[in-house]
Amino acid sequence: MVCRFSTRLLNICISSFCKVQQLEKAEAVVIDGKRLGYLPDVVTYNTLIAAYCRFVGIDAAYSVLHRMREAGISPDVITYNSLIAGATRYWLLSRCLDLFEEMLQAGILPNVWSYNTLMHCFFKSGRPEEANRIFQDIILNNLSPIQSTFNIMINGLCKAGYTDNALMLFRNLHRHGFLPQIVTYNIVINGLCRLGRLGEARRILKELKESGHVPNVITYTTVMKCCFRSGKFKQGLEIFSEMKNKGYTFDAFAYCTVSSALIKRGMMKEANDCMEEMIRTGIGFDLVSYNTLINLYCKEGKLETALQLLDEIEKVGIEIDEYTHTILVDGLCKSGDIEGAQRHLKHMNMMGFQSNLVAYNCLIQGLCKVGQMDYATKVFEMMELKDSFTYSSMVHNLCKERRFHSASQIMLSCIRSGKKILTSAQRAVLAGLRSSGFRREAKKLRSEIRMAMILNS
DNA sequence: TTAGGGTTAG
C-alpha cells in the first residue's frame, strides 16, 4: 500500500516535470525512485512516452517503450494512443496505422481516444474522407463519442478547408448532447481567422463570453495572430502587451508569434529583443522557438550562427522538421548560395520529408533572383506539387525578364487548375503584352482567363 | 495519455 502510494506520488512528480518540458528532471525522479525501491509502473512510462513524443521526437518515445518492455511492463491502450498521437505529430500516417494494427494484434481493445487520434491523424495527413468515415463509425456504431471527438472533427474540417461544414457541426453540437467548450470556441475562431472572416470570428468570441467562458491564453494567441495576418499590426502588439499583463506569456507561443511578425516587417532589432525577453523569462526552447530564432538569424544574414544553432538542437536531442529545413533553404537562397540550398533540399528529400513545397518555392525565388530563369523553369516543370506561390513567383519573374508569352502560359495553367494567382501577376502579364505590342494576344488572354474562371466556378 | 494557439515562400 505504501509502495503504491509512493509510486503514485512519484508519477505526479514526473508528470509535473514533463508538463514543463523538464524531461531530464523527470528521468532523475525515475532513477531516485528506483533507488528508494519504488519501481516505475505503466503510468510512469506512459507519461514519459507522451512527453518524449511531444517535446523530443518519436524515436525517443520508442526508446522509452523499449525500456518499458525490458522492465517487464506491458504497454496498454494509453501507451499506444500516446504513440499514435506522437506519430501524428510528426506526420507519420503509415506509422499510425501500423501502431493501430499492432495494438489490435496485442489484444488491446482500442477506446474512443484511439479512434479520435486516428481521425486526427487522417485529417493531418490530408485524408479528410477517411477521418470522416471514422467519425461516422463512432457516431453510428455508438462508440460513445466524447466532446473531444467533435472538437477534433470540427478542427479537422476547418483545417481541410470545410469551415462551413465545421460551423454547421458546431451549431448542431447540442443535438449530440454537448455544449461547446472553450476549446471548441477557440477552434472555430481560429478557423474563421485563418480565412480572414474576422466579423464572424468576432461574433463567436462574443458568444464565448456570453456563454460564461473566459477567453484563455489560446484565444488571445489566436486573435493576436489574426491581427498580424490581416495587417492590424499595432492591434496585435496591443494584445501582446495585454497578454503580458494577464500573465499569459508563460510559454513560447506568444513570443514566437510576435517575433515572426516583427521579422516579416523587417523589424530585426525588435524581433531580437522579443526573443531575448523570452530567454530572460526562462521559457524553455522547443522546436518552434528554435525555428523562429534560426529564421531570425537567416534573415539577418547570420547563416553561420543559424547553423551553429542546428548543432545545439541536435545536442538537446530535438528532431528538426520541414520548417527548419525550409527556413535554411530560404536562408541559403537569400544569401546567394543556391548550390548550398539545392544540397539542403536534396538532403531534405533523402530524409523523407514530403512537405517540401515551400522549400522548392524558395529555390525558385532564389534562382530567379540570381537570374537563372531557365533553371527556375526546369525546377518548376519538375515539381509534382505546385501552389499559388509557385505560379505567382514564376509569372512575376518571367514578366521581369519580359518573357510575357511564357508567363501567360503558366498563368493560364494556374487558373485552369483551379488555383488563384496574384492579381498583380495577372496585371503584369496583360500590361506587359500590351506594352510590347501584343494587344491582340492580351485581349485573347483576358477572355481565356474569364473562360477558365467560369469553368472553375 | 489524448483535442485548440506559435515557426517557412511572393
Side-chain angles (χ1 to χ4, degrees), chain A residues 15 18 42-43 45-51 53-54 76-86 88-89 111-114 116-117 119-120 123 146-156 158-159 181-191 193 216-226 228 248 251-261 263-264 286-296 298-299 321-331 333-334 355-366 368 387-397 421-422 424-425:
Chain A
S15 169
C18 285
V42 66
V43 178
Y45 286 109
N46 285 348
T47 311
L48 287 172
I49 286 175
C53 279
R54 185 180 178 142
D76 63 5
V77 64
I78 297 175
T79 321
Y80 276 101
N81 288 351
S82 299
L83 285 167
I84 295 171
T88 304
R89 188 177 284 275
N111 61 16
V112 69
W113 261 110
S114 319
N116 285 352
T117 314
M119 205 167 81
H120 182 212
F123 270 126
I146 49 176
Q147 175 89 47
S148 326
T149 314
F150 292 92
N151 292 343
I152 292 169
M153 189 65 191
I154 294 172
N155 183 45
C158 284
K159 299 266 164 68
Q181 299 170 318
I182 181 86
V183 183
T184 331
Y185 282 108
N186 286 342
I187 289 169
V188 174
I189 292 172
N190 188 38
C193 281
N216 65 9
V217 57
I218 296 181
T219 325
Y220 272 88
T221 320
T222 306
V223 176
M224 179 171 72
K225 172 80 195 293
C226 185
F228 289 135
Y248 279 172
D251 62 20
F253 282 76
Y255 285 104
C256 291
T257 312
V258 174
S259 294
S260 301
I263 295 168
K264 276 206 173 79
D286 61 4
L287 181 57
V288 179
S289 320
Y290 278 116
N291 285 344
T292 309
L293 202 55
I294 291 176
N295 188 34
L296 175 62
C298 284
K299 294 291 185 303
D321 64 0
E322 72 269 16
Y323 279 86
T324 329
H325 288 294
T326 307
I327 290 164
L328 286 168
V329 168
D330 186 50
C333 283
K334 291 217 161 71
S355 345
N356 53 12
L357 174 62
V358 182
Y360 270 105
N361 285 346
C362 294
L363 180 64
I364 287 203
Q365 271 296 115
C368 293
D387 66 358
S388 298
F389 271 81
T390 331
Y391 286 102
S392 297
S393 288
M394 284 301 293
V395 171
H396 262 302
N397 285 293
I421 192 147
L422 282 182
S424 58

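Throughout, a chain's letter reflects where its sequence line sits, starting with A, and its residues are numbered from 1.
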What contact category does [X] fall into here, base, sugar-phosphate, or nothing, at under 4.0 angstrom with non-hydrogen atoms?
X         : result
Thr390(A) : nothing
Leu357(A) : nothing
Asn151(A) : base
His396(A) : nothing
Ser424(A) : nothing
Asn116(A) : nothing
Gln147(A) : nothing
Val188(A) : nothing
Thr117(A) : nothing
Ala50(A)  : sugar-phosphate
Leu422(A) : base

Can you name the residues that form a side chain to side chain donor-acceptor pair (under 3.5 Å) with His120(A), not counting sequence neighbours? none

Going by atom types only, do [X] and [Y] share a side-chain donor-acceptor pair under 3.5 Å?
X         : Y         : answer
Ser148(A) : Asn151(A) : no
Asp330(A) : Asn295(A) : no
Asn81(A)  : Asn46(A)  : no
Thr219(A) : Asn216(A) : yes

Report yes if the side chains of Asn190(A) and Cys158(A) come closer than 4.5 Å at any heavy-atom pair, otherwise no. no

First and last nucleotide of DNA chain B in contact with chain A, 5' to 3', at under 4.0 Å to a heavy atom: what are they? dT1(B) to dG10(B)

For Ser393(A), side-chain contact (heavy atoms from CB on, under 4.5 Å) partners two or more places apart: Ile364(A), Gln365(A), Asn397(A)

